[in-house]
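Count residues from 1 along the sequence.
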Amino acid sequence: LSDTRLFVRNLPYSTTEEDLRDLFSSCAVNVHLTEIHIPVDDNHRNKGYAFVEFDSKDHCKKAVETLNGVDFQGRLLHVLPARDKPINESIESGHRTHKQQKLLNLHKEALSTTIGHNASHLRTDTVVHSLADTLGVKKSDILSTEGSNVAVRVALGEAHVIEQNKAWCASHGIDLEGLDSANSLKQLKRSKTTILVKNLPYGDTSQQELLKLFGAYSDSVNVSMPPSKSLALIEYAHGNDAKQAFKKLAYKRFRHVPLYLEWAPVSAENTETATGNGDKMANKSTEEKEIAVEEDDEEAADMQRTVFVKNLNFKTTEAQLQTHFARVVDVRAVTIPMKKGPLKDTAGEHKYLSMGYGFVECSSLVEAKKAIKLLSGKVIDGHKLELKISSKQIMSSPREDARKSISKRNTKIMVRNVPFQATRSELVDLFSSYGELKKVRLPKKFDGNLRGFAFVDFVTHNEAQNAMQSLSKTHLYGRHLVMDWAEQEDDVDDLREKAKRDISKTKAVELKQRQNKKIRFTEDG
């Protein structure tokens with residue numbers, strides 16, 4: 001029998017994966033479920049039992065002790081250790097080569113991961129094909145060395161295709177910004193029936209080919225593609241069909257490239273309808289429509305979507321509080337104020353103690369009110385929670401406050417990860433497409449080599465902001481351009497300090513080399 005896999009029987013026939021996920025996640029703190037499988041018959045009806053797999057033996061054992069014999073939706077659950085997952089594929093039996101083992105690991109990771117991948121990185125041939133079709137020209141015209149720089153043309157084309165993909169996905173309820181943002185490490189809201197297919201070859205892909213490939217696992221499947229044809233959405237009527245297709249086709253070679261699959265990230269307004277099993281499709285409730293407000297003022301919006309949590313146990317941590325709220329709403333940040341305690345640790349430092357209350361910032365006012373409605377009165381570490389909308393927003397760090405204030409009035413962008421073969425004229429051509437430039441600086445070291453970053457100053461803030469939004473996912477000479485607002489007053493001094501440090505380091509190395517070259521003769525020599 002398996003130490004991390006459970007067999008759950010006597011389930012109601014209306015049970016969904018989300019119901020089981022909520023149930024088993026509540027048996028312990030920081031529970032991570034690797035997989036939940038509810039077998040169905042030919043008519044996609046629940047058979048009354050399921051398999052639940054954990055990533056920890058302790059959590060699996062705790063679930064058996066806690067949930068076996070518990071009343072669940074009017075039925076007494078039978079929770080038992082299950083057998084190991086059956087091995088169906090020939091690659092998993094016998095000796096495996098390194099390539100086969102790597103492919104097998106990628107399959108397993110793709111099925112269970114909730115980490116977002118970069119959906120904006122496009123193949124160069126895809127960008128060139130898409131631009132050629134859009135403009136009605138040949139690929140050779142785009143890649144011609146005559147006129148402006150080729151790398152700049154491809155970078156601008158990539159930015160155009162990325163914006164086109166994002167707009168198309170947003171119209172279909174898919175949130176590509178969640179995959180590309182810095183917060184992509186958090187668990188995104190994922191669809192259970194829609195698969196996002198990436199890395200498609202542009203010229204060789206059609207909807208009919210994808211329908212034939214993915215339609216082998218279900219008769220009811222819908223395939224849609226954006227105009228760029230660089231990705232696709234595969235929608236199934238039932239989650240089990242989507243799982244089977246995902247398992248069989250992840251990293252499978254299609255034409256001359258492998259297919260990259262992941263569960264489609266669902267935008268906030270479509271979360272309620274897209275994250276189910278396909279059996280529960282409901283429109284946005286009238287209650288949410290009444291609660292929804294326009295968040296024109298950023299600070300006011302932060303206060304409205306922050307929940308004040310009272311009566312916390314002093315032992316409750318921010319991670320525990322975040323886990324508790326993340327089960328029902330989308331959490332952006334959690335803070336529990338601390339104070340210096342009277343006791344000191346072994347190192348002589350004061351211990352910090354919780355003040356018994358905290359703040360939970362949700363993604364919107366709708367989510368905050370939903371959290372208050374569902375979690376008020378719930379017990380964490382023996383304390384019943386008291387929740388209300390906070391009148392104070394979560395305090396950000398001084399660095400974040402400075403960056404936010406700078407971004408409201410700044411016109412200067414700091415561009416990191418600039419290719420060393422890039423020139424100032426290429427950066428001017430690239431950024432001047434989004435507005436009038438005041439100055440472009442490409443700092444160099446004392447030996448004439450580039451430092452790997454640049455400063456681009458626009459005439460207006462709006463032009464600079466448009467450039468940041470459009471080029472933040474663009475690649476120049478294969479390197480991803482990373483952009484942030486520059487501190488206009490301090491950047492020159494910082495560069496001078498770095499130059500001084502570099503010069504001092506170089507002098508020290510040269511001195512050491514000269515000392516090593518000296519020949520010392522001993523008396524015996």
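Listed here is the closest heavy atom pair of V418 and A454: CG2-N, 4.0 Å. For the pair K166 and K473, the tightest heavy-atom approach, listed with the atom from each and the gap, is NZ-CG, 4.0 Å.
Residues forming a side-chain contact (heavy atoms from CB on, under 4.5 Å) with E163 (at least two apart in sequence, or on another chain): none. Y434 pairs by the ring-ring contact (aromatic ring centres under 6.0 Å, His included) definition with nothing, not counting sequence neighbours. For the ring-ring contact (aromatic ring centres under 6.0 Å, His included) test, no residue two or more places apart in sequence or in another chain qualifies with F314. Among residues two or more places apart in sequence or in another chain, the side-chain contact (heavy atoms from CB on, under 4.5 Å) test is passed with L387 by V307, V309, F325, I372, L375, S376, L385. Taking the side-chain contact (heavy atoms from CB on, under 4.5 Å) definition, one finds that N466 meets it with Q469, sequence neighbours left out.
A donor-acceptor pair shorter than 3.5 Å can be found between the side chains of D19 and T16.
In this structure the side chain of I174 reaches within 4.5 angstrom of the side chain of P265, judged on heavy atoms. The closest side-chain heavy-atom distance from K369 to K373 is not below 4.5 Å. Side-chain contact between L200 and L259 is present, with at least one heavy-atom pair separated by less than 4.5 Å. With contacts defined as side-chain heavy-atom distances shorter than 4.5 Å, the pair I234/Y236 qualifies. Using a 4.5 Å cut-off on side-chain heavy atoms (C-beta onward), I389 and F308 make no contact. Side-chain contact between V221 and D241 is absent, with no heavy atoms from C-beta onward closer than 4.5 Å. Contact annotation: the side chain of N313 never approaches that of I380 to less than 4.5 Å [non-hydrogen atoms, C-beta and beyond].
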- Query: Does the side-chain contact (heavy atoms from CB on, under 4.5 Å) test come out yes or no for W485 and H461, once each step is laid out?
  - Reply: CA-CA 11 Å; W485 295 111; H461 171 71; 3.6 Å; yes
- Task: Take N410 and K412, measure what side-chain contact (heavy atoms from CB on, under 4.5 Å) needs, and give me the verdict at the end.
- Result: CA-CA 6 Å; N410 207 347; K412 183 181 289 187; 3.7 Å; yes
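Both tests hold for R5 against F51: distance to the six-membered ring centre under 6.0 Å, angle to the ring axis within 45°.
Taking the charged nitrogens against the carboxylate oxygens, E367 and R332 have no contact shorter than 4.0 Å, which rules out a salt bridge.
Using the six-membered ring where Trp is involved, W263 and F246 have ring planes that are parallel, under 30° apart on the 30 and 60° scheme.
Applying the salt bridge (Lys or Arg N to Asp or Glu O under 4.0 Å) rule to pairs touching residues 47-57 yields D3-K57, E53-K85, sequence neighbours excluded.
Expressed to the nearest 0.5 Å, how far CD of E35 lies from CD of E17 amounts to 8.5 Å.
Within a 6.0 Å radius of CZ in R45, other residues, nucleotides and ligands contribute 12 heavy atoms or fewer.
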